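Just so it is clear, the values below take in all heavy atoms, side chains as well, and ignore hydrogens, waters and symmetry mates. Chain identifiers are assigned alphabetically (A, B, ...) following the order of the sequence lines, protein sequences preceding nucleic acid strands; residue numbering begins at 1 within each chain. Given the structure is predicted, the values throughout are model-derived calculations rather than measurements.
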Amino acid sequence: MNKEFHFSEVEGRLYAEWERSGGFAEAVDFEKKSYAILMPPPNVTGVLHMGHLLNNTLQDILIRRAWQEGKNVLWQPGTDHAGISMQVRVEKELVGKGVDPKALSREEFLVHAERWRDTHGNIIFHQLRNLGICCDFGKKVHTLDGDYSRTVLHGFVELFRRGYIRRGRRMVNWCPVSQTALSDEEVLVRECPGKLYRLRYEILEEPGTHIEICTTRPETIGGDVAVAVHPEDERHRHFIGKHCWRPFCREPIPIIADGAVDKNFGAGALKITPAHAAVDFEIGQRHGLPFREVIGPDGILNGLAGETLGGLDRATARERAVKLLRVLGNFVAEEDHVSAVGISERSGEPIEPRLSEQWFLRYPGVDLAKRAVAEGWIRFFPRRWEKTYLRWLENIRDWCISRQLRWGHRIPVWYRKGEDREDPRHWHVSVDGPSDPEHWERDGDVLDTWFSSAFWPLGTLGWPDEESMGRRHFAAFFPTSAMVTGPDIIFFWVARMVFMALEFIPGKDGKDDDLSGRVPFRSVYFTGIVRDERGRKMSKSLGNSPEPLDLIARYGADGVRFGLVTCAPQGLDILFAEGRLEQGRNFCTKLWNVCRFRLLQGDVGAKKSSVGAILLRVDPKNLDAIDRCILENLVAVGEEIERAMGNYEFQGTLLRMDRFFRDDYCDWYVETCKVRWGKDLRRQATLLAVQDLILRRLLQLLSPFVPFVTQELWRQLGFGDGKEILHRVPMESAEWLRAALEAADLLASGGELASVGELRQVLPALRALGAGDGLYHGGTPGECQRLEPFRELLPAMSGHGELKKLQQLEGMTAAVTSWGTFAVASGGDGGRDSKRRELEIVRGHIATNRKKLEDRSFLERAPAAIVDGARNLLAENLEREKKLLRLLSE
RNA sequence: GGGCGGCUAGCUCAGCCGGUUAGAGCAUCCGGUUUACAUCCGGCAGGUCGCAGGUUCGAAUCCUGUGCCGCCCACCA
């Protein structure tokens, strides 16, 4: 066996083998419980980043544990066609090649896009393989696949039929760069420093008199159709019903009263531009105002904006407008003002509120979606995200689902040629289209990508086609078990999947109140966002993200996985620290070496190394307290891990295993084995069997976290038949193990646990004594008797050779312990200072506890156990003080 | 404007359904190692638990207020 774990050699070999020999293959047995995770489908344009690394590591851990628990397992991979970002990407590519994308027909463009997708689209999965994830990529689904598209279109048609989808002319968020509508969720609101302009419009009926208004967007003045004031605003009351002059495209416009105006903001009067502001639009509707559009879909102002503003972009037009207003005498003042500006998530450009004809979805089953989470049918980890989810549902608004793009699912609506498009009587809505297509024209828009993603749990499991649902085991895997994703897509995706599932999956036996079978997943684990050491979100544009594949090459997949998990606390963002990965790599090396050491002591022997087979090699008569304690620990760790994993405490679980492995097993148990090895062959065999029991279980427990090194060691140690795939080997539950070890009488009693625990605590004190010619011990007869079984062990473990009787303290450095006084010969008064420090601490404890015990209310009100604890501590420390004083006075 | 989260050792974080002396890893420093592992082992030092009140015999932990930092939501132009 090599001295080091050469991960680069092992990882490639094992991964290929897992794939080849069915390590990821589905094996559905309806007698068993099922476990399913839908991998959040990465964008086809995406490349691997740190977030994917973390996210997929966590899913892989859950999936491998599910295999170990003997469940039916589905980890569904897939990719998302990523509407806008993909289209932008392809357009850029085309422009680079000298092709004008706009000159291409829809079909020509799609050919290019599909070609791009098919060459670049699966890169991320190839990259993910390096992480070792046990996902069957053969099951991959792409949102534009034929089957999946049918799911999406069917969903649309059904929602339309049920009255949730409507076509309408409404204000939408318009991205002038992509020239498409966006949903509210795709708009980022950013605080932008700008100016608030105070302007005056002259009153038609009272020449020379003005009304003052405030605006941040003077370039839209051409679109003003009114000025509104609050109906109860004394300052402006007398203007209501009169008119004022619009400065650009000079025309009189009415002054109206509307409650939506805030009296306390600015001048208390608001110019109304229904075509370019949502609030203004509503006010316009209420008052039957006309509609003047002055900005085109491309963000360029038109002739109605004012004679010299036409043809300018919004920013330039604003500057020009201000200059004009000064010249015209309408300008009063300007002040700095921070306003909330909607920014397109994709293009980064300001959104233009714009009236347009779009398809809207009124969310179905809002109350059900609330109940699903509020009543715990779906559980969120960490829980606090429930509030975010619920609050969003409280203020939910219709979702604009149509996009003026080419890349995506084309809306399955046809309009009869030559008829009024706005008249539903001339619409055809179906998945397959009309039977006489020559008389119809299909809607040119596509659906929001997130609309198609909302059907992911349904579509990937074959819905709505019964044959397909059977083939994909819908019955076994729906509802899926866990969803692992980022809180940033809680609205975009998580909530919408909930809506769709609840809408389309009926309750069992018509019992719709029981949501258990209707939710898309039973729990959602929200990961944190991976940030760099300075707390900035890792991103390519900032250049602060390490190359994931590079990290894997340097630390090994296991090292990276270990590192990521240990620096990812539940519910908090992750401050990425590369040092963690190094610790991960070191962990693997240590695991490797302790197994190597095991092999150096002798063969594992029986090749069939089930727990039962190993137990046969353990003779309870040859076990001492130390052996029983480590076995007890082994069981307890398993129990803690099961609890922790049930709560998705990945970090806690791994750190707990790490602690058991290093502190309990390597540094304590293995070291004591060396000392206790002896000459008795049966005793030796038992010690090895105990090691095997521990290593076997440890490898299994660790396998989901560090799959490669554990798999390789499983073979090297000779567990299994040499071909076994570790994560497919069933793992005994902690409960089973406890029962088995208890039945074989291998677990420590409470007394043994306490005794060994103290033994371990004494060691550091002995080591701190420094070097001498041996270890001297003195104590009460009771103390000496307790030490007896460990006479060999203590001095050896502390590096002091043999144990001698302590005769006198002069010239010695001593440690007072619960096992008596230990000392080594020392030159001078070495150790005196540390004794003094110890005395200080001891006296501190004495004072604290004495004070407590003198406090009557403490004695009266504190529970008896606490009071007793304080008494014991006081007594103990008084005793230690006495000994220390004796030592110091020698 | 509303909401959520964080603030504990130089750094990253545990602890937070109140209870013995507030922990771990990393970094620093000191020491160890012929016999699995220097990708190792041990130890020293380092914290008035953001701040201020309150409840309590007892508060890092519960309550109130407050300060920074971050995130999310929101039609005051």
Give me the distance, rounded to whole Å, that separates B/G43 from B/C62 when you measure between the C1' atoms they each carry.
38 Å
Tell me if the NZ atom of A/Lys674 is crowded by more than 12 foreign heavy atoms within 6.0 Å.
yes
Using only side-chain N and O atoms of A/Asn395, determine if any of them is under 4.0 Å from OP1 or OP2 of B/A74.
no
For a quick check of understanding: with a heavy-atom distance under 4.0 Å over all strands, which category does A/Tyr555 fall into, base, sugar-phosphate or nothing?
nothing
Classify the nucleic acid contact of A/Ala870 as base, sugar-phosphate or nothing, counting any heavy atom under 4.0 Å across all strands shown.
nothing
Does any nucleotide pair with B/C26 by Watson-Crick or G-U wobble geometry, both distances under 3.5 Å, and what is it?
B/G10
Can you give me the N/O atom pairs linking the protein to nucleotides 2-9 of chain B at distances under 3.5 Å, or say none if there are none?
from: B/G3; atom 1: O2'; to: A/Arg391; atom 2: NH1; distance (Å): 2.9
from: B/G3; atom 1: O2'; to: A/Arg391; atom 2: NH2; distance (Å): 2.8

Round to the nearest Å and state the distance from A/Glu394 atom CD to B/A74 atom C1'.
15 Å
Is A/Thr848 touching bases, backbone alone, or none of the nucleic acid, heavy atoms closer than 4.0 Å?
sugar-phosphate
I'd like the C1' distance from B/G32 over to B/G70, given in whole Å.
45 Å
Between CZ of A/Arg580 and C1' of B/A27 the distance, given in whole Å, is 13 Å
For B/A52, which nucleotide is its Watson-Crick or G-U wobble mate, given both distances must be under 3.5 Å?
B/U64
Students often get this wrong, so: under 4.0 angstrom with heavy atoms, is A/Pro863 touching a base, only sugar-phosphate, or nothing?
base
Any A/Lys852 side-chain N or O less than 4.0 Å from OP1/OP2 of B/G19
no
Hey, does A/Glu854 reach any base, or is it just sugar-phosphate, or nothing, if we go heavy atoms under 4.0 Å?
nothing
Distance-only, no hydrogens or angles: does the A/Glu11 side chain make a donor-acceptor pair with backbone N or O of A/Ala557 under 3.5 Å?
yes
Verify, without hydrogens or angle tests, whether A/Arg314 (side chain) and A/Pro350 (backbone) share a donor-acceptor contact under 3.5 angstrom.
yes
Can you say whether the rings of A/Phe650 and A/Tyr648 are parallel (under 30°), tilted (30 to 60°) or perpendicular (over 60°)?
tilted
Are any of A/Lys3's side-chain N or O atoms less than 4.0 Å away from OP1 or OP2 of B/C37?
yes
Atom-to-atom span, CD of A/Glu282 to P of B/A77 - whole angstrom:
15 Å
So what's B/C44 paired with, Watson-Crick or G-U wobble, going by both distances under 3.5 Å?
none
Please verify the inter-ring angle class for A/Phe380 with A/Phe526; under 30° counts as parallel, over 60° as perpendicular, anything in between as tilted.
perpendicular
side-chain N/O A/Lys851 vs B/G58 OP1/OP2, d < 4.0 Å:
no
Regarding A/Leu600, tell me which of base, sugar-phosphate or nothing describes its non-hydrogen contacts under 4.0 Å with the strands shown.
sugar-phosphate
Separation of B/C75 P from A/His230 NE2 (nearest whole Å):
19 Å
A/Arg235, A/His236, A/Arg198 screened by side chain to side chain donor-acceptor pair (under 3.5 Å) with A/Glu212, the one that passes
A/Arg198
Nearest-Å distance for atom pair CG/P, residues A/Leu564 and B/U12:
18 Å
Residues forming a ring pair (Phe, Tyr, Trp, His ring centres under 6.0 Å) with A/Phe858, sequence neighbours excluded
none
Note: A/Glu185 and A/Phe492 closest approach over all heavy atoms is O-CZ, 2.9 Å
Under 3.5 Å, is there a donor-acceptor pair between the A/Gln601 and A/Gln691 side chains?
yes
Of residues 647-664 of chain A, the positions that come close to RNA chain B - non-hydrogen atoms, cut-off under 4.0 Å:
A/Arg662
Given atom CZ of A/Arg585 and atom P of B/C26, what is their separation to the nearest angstrom?
14 Å
So what does A/Cys666 hit on the nucleic acid, given a heavy-atom distance under 4.0 Å: a base, only sugar-phosphate, or nothing?
base
When the P atoms of B/A9 and B/G23 are compared, how many Å lie between them, rounded to an integer?
14 Å
Result for 5'-nearest mapping on RNA chain B, choosing between A/Cys567 and A/Gln583, is A/Cys567
Check whether any side-chain nitrogen or oxygen of A/Arg397 sits under 4.0 Å from OP1 or OP2 of B/C75, and answer yes or no.
yes
Compute whether any side-chain donor of one residue and acceptor of the other, for A/Asp258 and A/His230, lie under 3.5 angstrom apart.
no
Can the ring centres of A/Trp392 and A/Phe491 be said to be less than 6.0 Å apart?
yes
What interatomic distance, in whole Å, is found between P of B/A24 and the corresponding atom of B/A14?
16 Å
